[in-house]
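Nothing fancy with the numbering, it's 1 onward along the sequence.
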Amino acid sequence: KAQPANPLGVALMDDDHAELEALIGSAAVAADDDLAALHANIVEGLEAHFAREEELMRERGFPGLHCHNAQHKLLVEQARGGRAMAPAALRRHIGVYVAQLVESHVLTMDYMTAAFLRGEFGPQHFEGLRLPIEPGRP
């Protein structure tokens with residue numbers, strides 16, 4: 001099984017991240033005619049991964065769930081932005097911009113989430129953070 005560039009020690013996250021990294025990396029060698037479909041597959045892969053990750057966080061009672069979910073929505077919208085690009089620009093969008101978005105998310109939001117899921121952080125570590133209030137909650 002392939003390992004992601006930045007393993008977090010949570011199987012669901014590491015397995016999905018390795019798959020996403022391989023998809024993103026394939027943009028460098030994909031034919032121009034295949035880039036639009038590859039881009040769509042990457043966006044779909046991000047959405048599916050985020051759904052699985054959010055369910056895991058919900059099941060485990062992750063205190064930063066709402067904030068993390070908001071970051072997922074933003075990342076998908078930013079990744080999706082390459083739809084109307086010419087092949088060379090779309091290749092850069094995927095291989096540079098989307099790759100950096102994903103890596104930054106893994107090294108920040110996912111790093112903290114994984115530490116919580118591994119039992120290294122507890123709810124008390126989130127009490128002083130100014131997390132956004134979930135819609136519908138006081």
If you take all heavy atoms of [X] and [Y], which pair is closest and at what distance?
X	Y	result
Leu101	Ala79	CD1-N, 4.1 Å
Leu46	Leu20	N-CD2, 3.8 Å
Ala2	Ala18	O-CB, 3.5 Å
Pro87	Leu35	O-CD1, 3.4 Å

Would you kindly confirm whether Tyr97 and Val43 end up in one hydrophobic cluster when ILVMFWY residues are joined by side chain heavy atoms under 4.5 Å apart?
->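 Result: yes, single cluster for both.
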Would the distance check show the side chain of [X] and the main-chain N or O of [Y] forming a donor-acceptor pair, the cut-off being under 3.5 Å?
X	Y	answer
Asp14	Leu8	yes
His39	Leu90	no
Thr108	Ser104	yes

Out of curiosity, [X] [atom1] to [Y] [atom2], how far, rounded to the nearest 0.5 Å?
X	Y	atom1	atom2	answer
Glu19	Ile42	CD	CD1	12.5 Å
His49	Glu44	NE2	CD	15.5 Å
Met112	Phe121	CE	CZ	5.5 Å
Glu54	Phe62	CD	CZ	11.5 Å
Asn6	Leu107	CG	CG	4.5 Å
Asn41	Ile94	CG	CD1	9.5 Å

So does Arg80 pair up with Glu47, basic N to acidic O under 4.0 Å?
->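 The answer is yes: the pair qualifies as a salt bridge.
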Any side-chain heavy atom of [X] within less than 4.5 Å of one from [Y]?
X	Y	answer
Asp32	Arg91	yes
Lys73	Phe50	no
Asn69	Arg58	yes
Met13	Leu117	yes
Val106	Tyr111	no
Pro63	Phe116	yes
Val10	Asp110	no
His17	Pro7	no

Go through His68 and His105 one step at a time and tell me if the side chain to side chain contact (heavy atoms under 4.5 Å, CB included) criterion holds.
-> CA-CA 9 Å; His68 199 139; His105 182 79; 3.1 Å; yes
